[in-house]
Protein chains: 2
Amino acid sequence: MSRATLRDVAKLAGVSVATASKALNGQPQVRAETRERVVRAAEQLSFSPNTLAQGLITQRSGTVGLLTSDLEGRFSIPILMGAEDAFGSDQTSVFLCDARGDAIREKHHLRALLSRRVDGLIVVGARPDTRPSLGDLPVPVVYAYAPSDDPADLSLITDNVGGGRTAVDHLIRCGRRRIAHITGDPGYSAAQDRARGAVERLTEEGLELAGGEVWFGMWSEAWGRGATRMLLDRCPEVDAIFAGSDEIARGVLDVLHEERIDVPSRVAVIGFDNWSVLAVNSRPPLTTIDHNLEHLGRIAAQRLSAAMDGVTGSGVETFPVRLITRESTAPLR
Amino acid sequence: MSRATLRDVAKLAGVSVATASKALNGQPQVRAETRERVVRAAEQLSFSPNTLAQGLITQRSGTVGLLTSDLEGRFSIPILMGAEDAFGSDQTSVFLCDARGDAIREKHHLRALLSRRVDGLIVVGARPDTRPSLGDLPVPVVYAYAPSDDPADLSLITDNVGGGRTAVDHLIRCGRRRIAHITGDPGYSAAQDRARGAVERLTEEGLELAGGEVWFGMWSEAWGRGATRMLLDRCPEVDAIFAGSDEIARGVLDVLHEERIDVPSRVAVIGFDNWSVLAVNSRPPLTTIDHNLEHLGRIAAQRLSAAMDGVTGSGVETFPVRLITRESTAPLR
DNA sequence: TTGTACGCGTTATCAT
DNA sequence: ATGATAACGCGTACAA
């Protein structure tokens with residue numbers, strides 16, 4: 001396989017490049033017989049138009065950049081897939097760049113992407129806290145998962161407060177009244193927001209947190225285990241635990257199992273993130289909250305498309321999360 | 001920020017585009033004073049050269065495609081990072097495309113990438129089994145993780161046989177003699193290869209598998225649990241378990257814990273994959289085998305660069321995996 | 001219906 | 001040391 005150019009195709013078909021171009025691009029002003037000849041020639045040479053050259057003319061590269069700092073790709077990948085989906089893979093291709101949390105590397109990547117003339121940029125943070133704006137750029141930008149600190153930018157985030165509400169609401173509907181909340185690093189807005197949502201919903205019901213307060217700690221199984229032990233000690237009558245992440249939930253389940261406390265009949269457990277390797281394999285499989293990141297990616301792509309057509313937006317848009325019911329929660333019979 | 005062109009820079013600096021180009025590209029044949037004027041003009045306009053136009057001339061786009069079918073990005077992402085690393089992020093950008101295991105989608109992506117004039121292609125499979133070759137393409141291709149079925153292609157894979165050997169060797173060095181192997185779907189070459197390596201090493205030592213055979217099953221925690229129960233039943237004197245994946249290892253650890261069998265003092269456990277969310281958080285943290293995928297990605301990038309310079313290779317190259325020691329294994333005292 | 005000619009932004013060759 | 005000019009591959013207004 002070599003690289004045929006439009007000239008080669010035109011020559012083989014016995015027409016001019018202009019005609020060849022029109023024929024292949026479905027312009028009406030070309031005779032059917034001619035078009036077919038051109039198309040055949042193109043196939044024969046397995047011609048593939050040079051998108052770079054097209055981009056030079058149309059001023060559109062048909063590419064977007066996905067700039068992330070999310071090492072493991074745990075959040076970026078679903079967002080990428082959603083975006084790919086919405087753009088249509090033949091229309092737009094995605095440059096994935098990982099800045100690895102390094103501001104300098106981010107600048108580098110940004111320069112490279114701009115010089116590649118990406119039509120737009122999706123910026124994905126590693127954690128759902130506010131991140132510094134990239135500032136004024138020659139292309140539209142959408143911040144996803146982690147919002148920009150500049151309200152003039154457009155940010156798309158998932159609803160952590162709503163997620164906390166949903167989780168607790170589900171537990172209440174399961175008939176639970178003594179609900180505890182074990183979560184991660186209080187320095188994360190996600191931890192604060194989820195906790196706030198949980199408490200709000202509890203308060204509406206006239207309930208208070210079992211254990212008296214939110215158990216902040218770390219985003220790890222070990223903390224989930226430790227906190228659960230303390231919780232059981234202080235408040236053995238707890239009948240539901242809302243874990244701030246699936247990792248924490250795994251630790252919670254571990255200790256409950258160890259203590260021969262049945263899940264969900266005696267204590268219901270709900271996680272957060274729907275990280276399937278953790279949630280599906282746990283004992284029992286974990287009810288959890290899904291961020292709907294693919295959807296977020298699709299919306300990001302749509303907003304980007306709109307912005308490229310001049311319809312720009314700004315501010316922070318919040319998108320609902322989704323309850324995934326598995327076996328770690330059930331009605332109290 | 002707008003989009004300044006070289007013409008704008010030249011005009012502002014009061015020189016021709018040709019001179020401006022030379023000045024910015026560090027060509028020697030330009031007066032220092034002139035160069036500085038041009039550079040300042042470029043900065044002032046925040047000029048960024050249009051890589052598309054450069055590519056038109058140089059016949060190099062400075063991009064490569066990473067074509068994967070690995071949904072979760074668990075393997076692709078480390079490989080991507082290694083490749084990014086080796087290429088240098090300012091030299092080469094990477095298009096990440098996920099075919100999601102769909103041959104048609106793969107064709108689509110391939111067309112798109114070729115028309116974007118990628119300089120090369122890295123193809124990453126979802127599992128380390130042989131996959132169909134993409135055939136003859138106008139750009140060099142390196143298959144990583146999953147080898148191509150065409151020996152004329154260049155494939156880079158990790159050494160699963162060696163990994164099995166390494167795992168068992170480590171257990172032997174820990175003084176274990178009754179070593180069992182619980183692994184996943186026997187339809188995966190990875191499962192077969194790891195098992196083969198394990199048995200080889202055992203045989204060298206005059207040992208046989210505890211339990212009499214390899215326990216094939218599924219790549220899940222649940223299978224790890226079930227198999228461990230059966231194993232303990234049939235062969236209670238086992239003193240080490242080599243799990244074919246970290247997921248399986250988690251199941252193994254779970255049951256051992258449940259049975260009050262101490263790890264590692266009575267039974268040592270080793271996993272495979274070094275999937276950190278599983279391996280680091282387990283109780284105790286899991287000794288496991290790392291695929292060195294970032295290294296594989298770097299090599300892939302190097303091979304691709306070489307091939308772009310005309311130095312092509314072919315056949316399957318196997319790269320060593322690495323033992324990661326944590327607390328689930330220890331000498332038998 | 002088809003072909004000619006120009007331009008997209010850049011680099012390289014050749015004059016000057 | 002600098003500048004005019006011709007490519008690179010393609011789309012499109014315009015002429016034929």
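Throughout, protein chains are lettered first and strands after them, A, B, ... in sequence-line order, and every chain is numbered starting at 1.
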NZ/NE/NH1/NH2 to OD/OE distance under 4.0 Å, [X] and [Y]:
{"X": "B:R105", "Y": "B:D98", "answer": "no"}
{"X": "A:R111", "Y": "A:E106", "answer": "no"}
{"X": "A:D129", "Y": "A:R127", "answer": "yes"}

Starting at [atom1] of [X] and ending at [atom2] of [N], how long is that distance when rounded to a whole Å?
{"X": "A:L56", "N": "D:dG9", "atom1": "CG", "atom2": "P", "result": "12 Å"}
{"X": "A:R35", "N": "C:dG3", "atom1": "CZ", "atom2": "P", "result": "14 Å"}
{"X": "B:Q54", "N": "D:dG9", "atom1": "CD", "atom2": "P", "result": "16 Å"}
{"X": "B:N25", "N": "C:dG9", "atom1": "CG", "atom2": "P", "result": "17 Å"}
{"X": "B:Q29", "N": "C:dC14", "atom1": "CD", "atom2": "P", "result": "13 Å"}
{"X": "B:L52", "N": "C:dG9", "atom1": "CG", "atom2": "P", "result": "11 Å"}
{"X": "A:R3", "N": "D:dC8", "atom1": "CZ", "atom2": "P", "result": "15 Å"}
{"X": "A:K22", "N": "C:dT4", "atom1": "NZ", "atom2": "P", "result": "11 Å"}

Check every atom of [options] against the side chain of [X] and return the nucleotide holding the closest atom.
{"X": "A:Q59", "options": "D:dG11, D:dA4, C:dG9", "result": "C:dG9"}
{"X": "B:T34", "options": "C:dG9, D:dC8, D:dT2", "result": "D:dT2"}
{"X": "B:I57", "options": "C:dG9, D:dT12, D:dG9", "result": "C:dG9"}
{"X": "A:F47", "options": "D:dC10, D:dG3, C:dG9", "result": "D:dC10"}
{"X": "A:S16", "options": "C:dT10, C:dG3, D:dC10", "result": "C:dG3"}
{"X": "A:S21", "options": "C:dT10, D:dT12, D:dC10", "result": "D:dT12"}
{"X": "B:A18", "options": "D:dT12, C:dA12, D:dG9", "result": "C:dA12"}
{"X": "B:P49", "options": "D:dC10, C:dT2, C:dT10", "result": "C:dT10"}
{"X": "A:T5", "options": "D:dG9, C:dG9, C:dC14", "result": "D:dG9"}

Ignoring backbone atoms, establish whether A:R31 has a side-chain N or O less than 4.0 Å from OP1 or OP2 of C:dT2.
yes

For D:dG11, does either OP1 or OP2 sit under 4.0 Å from a side-chain N or O belonging to A:Q27?
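Answer no for this pair, as no side-chain N or O of A:Q27 is under 4.0 Å from OP1 or OP2.
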
Give one of base, sugar-phosphate or nothing for A:V17, where a contact means two heavy atoms less than 4.0 Å apart.
nothing

Report the relative orientation of the aromatic rings in A:F319 and A:H295; use parallel for angles under 30°, tilted for 30 to 60°, perpendicular for over 60°.
perpendicular

Minimum heavy-atom distance between A:V142 and A:L156, given as atom pair plus value
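Looks like CG1-CD2, 3.5 Å.
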
Nearest heavy-atom contact between A:P132 and A:Y143 is O-CE2, 4.4 Å

Using heavy-atom distances to pick each residue's nearest nucleotide on DNA chain D, tell me which of A:S48 and B:A32 is more 5'.
B:A32

